[in-house]
Number of protein chains: 2
Amino acid sequence: MTLQQMEYIVAVDKYRHFVKAAESCHVTQSTLSVMIQKLEDELDVQIFNRNSHPVSPTPIGEKIISQAKVVLFNVSQLKEMILSERQQESGEVKLGVIPTVAPYILPKLFGVIAERYPGVTLRVTETRSASILEKLDKAELDVGLLATPVGRPGLLEIPVYYEKFVAYISPGESLYNREEIESGRMPTERLWVLQEGHCLRNQVMNICDQRSGYSSIYEAGSIDTLVKIVDENGGYTIIPELHLAMLTEAQKAHVRKIVDPAPVREVSLMIRQDYVRERMLNILAESIRRILPEAMIDKRLKKFAISL
Amino acid sequence: MTLQQMEYIVAVDKYRHFVKAAESCHVTQSTLSVMIQKLEDELDVQIFNRNSHPVSPTPIGEKIISQAKVVLFNVSQLKEMILSERQQESGEVKLGVIPTVAPYILPKLFGVIAERYPGVTLRVTETRSASILEKLDKAELDVGLLATPVGRPGLLEIPVYYEKFVAYISPGESLYNREEIESGRMPTERLWVLQEGHCLRNQVMNICDQRSGYSSIYEAGSIDTLVKIVDENGGYTIIPELHLAMLTEAQKAHVRKIVDPAPVREVSLMIRQDYVRERMLNILAESIRRILPEAMIDKRLKKFAISL
DNA sequence: TCATGGTTATTGATTTTATCAATACAAATA
DNA sequence: TATTTGTATTGATAAAATCAATAACCATGA
């Protein structure tokens, strides 16, 4: 029993005439005759009555034809579904990602997208929050991936994951001896932070003890550099959870959990309010989440999230 | 796109392994590989990701597989439907038919049944009502076809059609000059009727004017004979509508409508109350009705029906 | 880095199937 | 009885599915 045979019996039922039905199927009448007989043999039922003029389906043939139509309908649905999916799952997306997220997400994201959505082309710009927001405004970017909430008029935020912060401490520091560090007990005197303009800098400022004045005068350009500075010069810094994977075993020993409360940043996809490719957004969100550990997607972390 | 290919992708999705899936489909792994690639080429989508281990469907592949399952389910439904229909539409039926119905129904009934329900074998006995009822009681017959209502305990009646009576009058009779004859104006003096035992005899008695005494002393064994008797000896008789088709053109001129009210007999299928093959009954009823003019199936005639 | 085992892809030969053109056959019509 | 209209049959051919063998790929542990 084949789809082709089903098309043939549906055609003969429609035209009540083998020759006309054969034409409509773009085959000869003999093909139709043979194939329908074959089907009748296989199912061991007579579908058509060739004695009556014009040819007509038997009672059971009518039921077979009607079910065959259901089958063919679902096949056509399948094909249409593919067309519509492909349409929605293809095209170029201009994505802006902030530097303190990019190194943890992008390398795998390209692979996942290429593998799962071969029709999608990512065109990524790594740049700081302010620049991403501006470019979204000007529609120079389709989507941004950055720390939120931002609350910018005309733009929408779609939270994707929540990332905890940890402290990276030089063995010389007094904090080093604690197993965990309470958020309120982090002096800013020996703190290294990113350059002005990185949103992570502001977040770090929020975490640390505001009573003490800032005295660390060196500002780094990337988390990697920050860590190296601490290694060389002592002091401490605050780094996002995902950076742990990039530390050596020796460096991991310098990491301390921050608690009470554990600071968390919310990372979201951002789009213009008039962005219409909802499906593309889902693809991005799904693909990013696929890269991350389950726990980081948990919305319950949101309550600890800090803003700029 | 073939059903076979759909089975293949469903199997690969199930086993996540080409070799195992191939086994389950009773083909080699190379066949599966080639066929699935062919399907992917035709649809121009990647259904599976062969890089991941174990092999896994792409997002669109998942949708395709799930729709393919729907199609395959439809096909299996079709096959099961055929099995169940064939079961219900086959077997032998012992049918009893009264003599004043048999000649009009049976010749075509055999043809219709053979053509539309090749699995059904009719075994027909032509005999009078009382004998049919008896044999139904003793389960020597499965179904009876006779004039109703009978109202016999343990038996069910399923009305199939309604047949008018007409008068067949010798040109010598005074009634012959009327275009139509009122039921009440039919004297029994010159009336020929069937032998005792034919239910039609009783029905005719009911139609005719009861005030006059019966004087016709000859009783015929069949409608055909009755008509010939009238042709040869004068007088008149009453015959069922379906007999008209058996008259010559000359004889048809001797036919007069009976009106006010037009007498009608109800013809029904009868079965034992415990008869279980409901489907077979429908087949018989449908096939009989297929033989008759539309008008005779009209239930509105029931109100004119006469009983024994 | 190199084998190794497990997995899928490729290939050429072979079998099976679908299709066609031509023609036979059957039924209805004139 | 011829004729027309329609379906079945048949033998040849083209297309396809399948197989066995083997290549290519890839993760993983030595």
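Order of the sequence lines fixes the chain letters, A, B, ..., with proteins taken first and strands second; residue numbering starts at 1 for each chain.
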Separation of [N] [atom2] from [X] [atom1] (nearest whole Å):
| X | N | atom1 | atom2 | answer |
| --- | --- | --- | --- | --- |
| L32(B) | dA9(C) | CG | C1' | 12 Å |
| H53(A) | dT29(C) | NE2 | P | 9 Å |
| H17(A) | dA27(C) | NE2 | P | 17 Å |
| Q4(B) | dT17(C) | CD | P | 10 Å |
| K38(B) | dT8(C) | NZ | C1' | 18 Å |
| L3(B) | dT17(C) | CG | C1' | 15 Å |
| E115(B) | dA27(C) | CD | P | 12 Å |
| M35(A) | dA18(C) | CE | P | 4 Å |

> Do the non-hydrogen side-chain atoms of Y104(A) and M246(A) ever get within less than 4.5 Å of each other?
Replying inline: yes
> Does a side-chain N-to-carboxylate-O contact under 4.0 Å join R116(A) and E286(A)?
Replying inline: yes
> Is E179(A) paired with R256(A) through a side-chain N to carboxylate O contact shorter than 4.0 Å?
Replying inline: no
> How would you give the extent of chain B contacts on DNA chain D, as first and last nucleotide 5' to 3' within a 4.0 Å heavy-atom cut-off?
Replying inline: dA16(D) to dA21(D)
> dT7(C), dA9(C), dT19(C): which one has an atom nearest the side-chain heavy atoms of V34(A)?
Replying inline: dT19(C)
>> Quick one about Y161(B) and D298(B) (side-chain donor to acceptor, distance below 3.5 Å, no hydrogens or angles considered), yes or no?
In response: no
>> Quiz question: by atom type and distance under 3.5 Å, do the side chains of Q46(B) and Y117(A) form a donor-acceptor pair?
In response: no
>> On the nucleotide dT8(C), are OP1 or OP2 found under 4.0 Å from the side-chain N or O atoms that Q37(B) carries?
In response: no
> Under 4.0 angstrom, heavy atoms only, what part of the nucleic acid is Y8(B) near: base, sugar-phosphate, or nothing?
Replying inline: sugar-phosphate
> Looking across every strand, which nucleic acid part, if any, lies under 4.0 Å from Q29(B) by heavy atom: base, sugar-phosphate, or nothing?
Replying inline: base
>> Other residues, nucleotides and ligands only: do more than 12 of their heavy atoms fall within 6.0 Å of CD on Q87(A)?
In response: no
>> I'd like to know if the side chain of E163(B) reaches the main chain of R265(B), judged simply by a donor and an acceptor atom lying under 3.5 Å from each other, with no hydrogens or angles considered.
In response: no
>> On DNA chain C, compare the nucleotides closest to S33(B) and H26(A); which residue's is nearer the 5' end?
In response: S33(B)
